[in-house]
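What follows is a set of notes on a single structure, which appears directly below.
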Amino acid sequence: MKRISGVLFFLFLWAGFLHAQTLLTDELNKLISSDPLLKTSEVGIVVHDLTAGKELYSYQADKLYRPASIEKVVTAVTALDVLGKDFQFQTTLSYDGVVEKGVLKGNLYVKGGFDPEFMELDMDFLVRAVKEAGIQAISGKLVGDVSLMDSIYWGEGWSWDDTPKAFQPYLSPLMLNRGCVDIKVSPAAKGKAGTVEITPESDYYQLNNRSISLHPEAGKLKITRDWLTNGNTIDVSGCVSSVRKRTLNLYDSKQFFMDTFCYKLNKEGLSVSKDSIFFLTAPDTVQWIYTCRRPVEEVLKRALKESDNLSAEALFRQLGRMNGKHTSHISFGDCQVVIERFMCNAIGYDPKEYRIVDGSGVSLYNYVSPRLILAYLNYAYRHPSVLQIFYDCLPIAGIDGTLQGRMRTGKAFRNVRAKTGTVTGISSLAGYLTSVNGHKISFVIINQNVLKARQARKLQDKICELLIQLN
């Protein structure tokens, strides 16, 4: 009798689940058929109940779409599994030769580890380490080791006209201030040039200040650089009526790093010439001085919370070191090999059916399906060593990251944790939420051929609210 009661109870629960799933399907189908956005654009959706282990809904879930930044889900999950949660990015200072009476009779090496969080303070620590090693002058070369990367500083399918914006820096294993400068322009006395502050301080760039304070006839304030000719002259023009800030990338991040390092060494009284700067591979037999270390979690947090492209590409580049062929001059192709291997062996999908070109989703050549991205979310959920960091680094609806201004009311507030994606024509959202019945839900939504991303985001937010109401 007890056995029969148990079976009946299970059937009752299963019937309730099917009823809820039918209601969800009806509501989502109604939304898709009625939303005016989808008369001129496409959407792919897939929803999975992680608690019950069942797919709840799918709509065009196997079609290929450009993912935009939800591709960072692929990069992040792969990196956490392959590199491990304890991985560190390292920038190492060393030398060869001997130090006699303060003179290094040899070469000073800085080996780049593609640390996207290496800032001016970190460089000050490098300079201090040189001084503490007793080096006051260098008779040999000042060497930047950028062997972790080949000479291609942008990925296939990246838009050339995204420069000089900060979200597309010139990639290098040696990155200072994310390959960018921060510019602050303040008004001075009326008719006078505005006051311009640029950090980090360096002699690598130049300033052409043609701005005029409190003079509307001068036109709109513009802050840019001569990027069409790969120049590094910061040009400020127009009327300065209030404090304005902008961040611009600089051409050739590795040279920016090394020139600024040389500049700071000289400011501290160390005799080093810019003519001594070379880019070579550091030999194995060097004397270690100092290592700057960066936890993978710090990089991953910016990649996911802020949808930062450089951080994602840094993770992607480190994956390239795991391809088993070599550990230097890593290409985008080397990184793709590791992504494809993990997709096949761990996720169980055929990489030949998709195209992943970079780690950030910037490339116009990336193509994935909603179901593929869902598989990565589900993999992370099933592996606590991956989920712990991955989940904490996702933006929280209405609270932080790229979801700070979204879903600030309703049951989605603080509930949805998801990666956003936005490039021209694409808006996407992929992550987790908890429904009112306590079940954990994973979902992926990719809108394509969208002229106004705001409309797509509104649709995605509605879908999240519907999923939460699932009971």
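The shown structure was predicted, so the numbers you read here are calculated from the model rather than taken from an experiment.
Within 6.0 Å of CD in Gln90 there are more than 12 heavy atoms belonging to other residues, nucleotides or ligands. Residue-environment remark: NZ (Lys274) exceeds the threshold of 12 foreign heavy atoms within 6.0 Å. More than 12 heavy-atom neighbours from other residues, nucleotides or ligands sit within 6.0 angstrom of NZ on Lys165. Crowding of Glu298 atom CD: a count of heavy atoms from other residues, nucleotides or ligands under 6.0 Å exceeding 12. At most 12 non-hydrogen atoms from other residues, nucleotides or ligands lie less than 6.0 angstrom from CG of Leu451. Heavy-atom contacts from other residues, nucleotides or ligands closer than 6.0 Å to CZ of Phe413 number more than 12. Residue-environment remark: NZ (Lys305) exceeds the threshold of 12 foreign heavy atoms within 6.0 Å. In this structure, Arg382 places its CZ atom where more than 12 heavy-atom neighbours from other residues, nucleotides or ligands lie under 6.0 Å away.
A donor atom on one side chain and an acceptor atom on the other are not found under 3.5 Å apart for Asp150 and Ser331. Side-chain contact of Thr163 with Asn249: a donor-acceptor pair under 3.5 Å is present, judged by distance alone. A donor-acceptor pair shorter than 3.5 Å cannot be found between the side chains of Lys419 and Ser69. Checked by atom type, the side-chain pair Glu156/Ser363 shows no donor-acceptor distance below 3.5 Å. Remark: the Thr281 side chain and the Asp145 side chain contain no N/O donor-acceptor pair separated by less than 3.5 Å. With no hydrogens or angles considered, no side-chain donor-acceptor pair links Ser172 and Ser253 at under 3.5 Å.
Within the 3.5 Å criterion, the main-chain N or O of Gln168 finds no donor-acceptor partner in the side chain of Asn309. Judged purely by atom type and a 3.5 angstrom limit, Glu117 has no side-chain atom pairing as donor or acceptor with the backbone of Val299.
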Chi angles and distances behind the side-chain contact (heavy atoms from CB on, under 4.5 Å) call for Phe261, Leu93: CA-CA 12 Å; Phe261 185 38; Leu93 184 69; 4.1 Å; yes
Residues Asp252, Lys254; criterion salt bridge (Lys or Arg N to Asp or Glu O under 4.0 Å); working and verdict: CA-CA 6 Å; Asp252 200 348; Lys254 68 180 187 303; 3.1 Å; yes
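Residues Asn107 and Lys141 approach most closely at OD1-N, 2.7 Å, considering heavy atoms.
When ring centroids are compared, Phe257 and Phe118 come within the 6.0 Å threshold. A distance of 6.0 Å or more separates the ring centres of Phe390 and Tyr376. When ring centroids are compared, Phe114 and Phe89 stay outside the 6.0 Å threshold.
Between Ser427 and the choices Gln448, Gln460, Arg454, Lys458, the side-chain hydrogen bond (donor to acceptor under 3.5 Å, both in side chains) rule is met once, by Gln460. Applying the salt bridge (Lys or Arg N to Asp or Glu O under 4.0 Å) test between Asp235 and each of Arg225, Arg210, Arg246 identifies Arg210 as the sole match.
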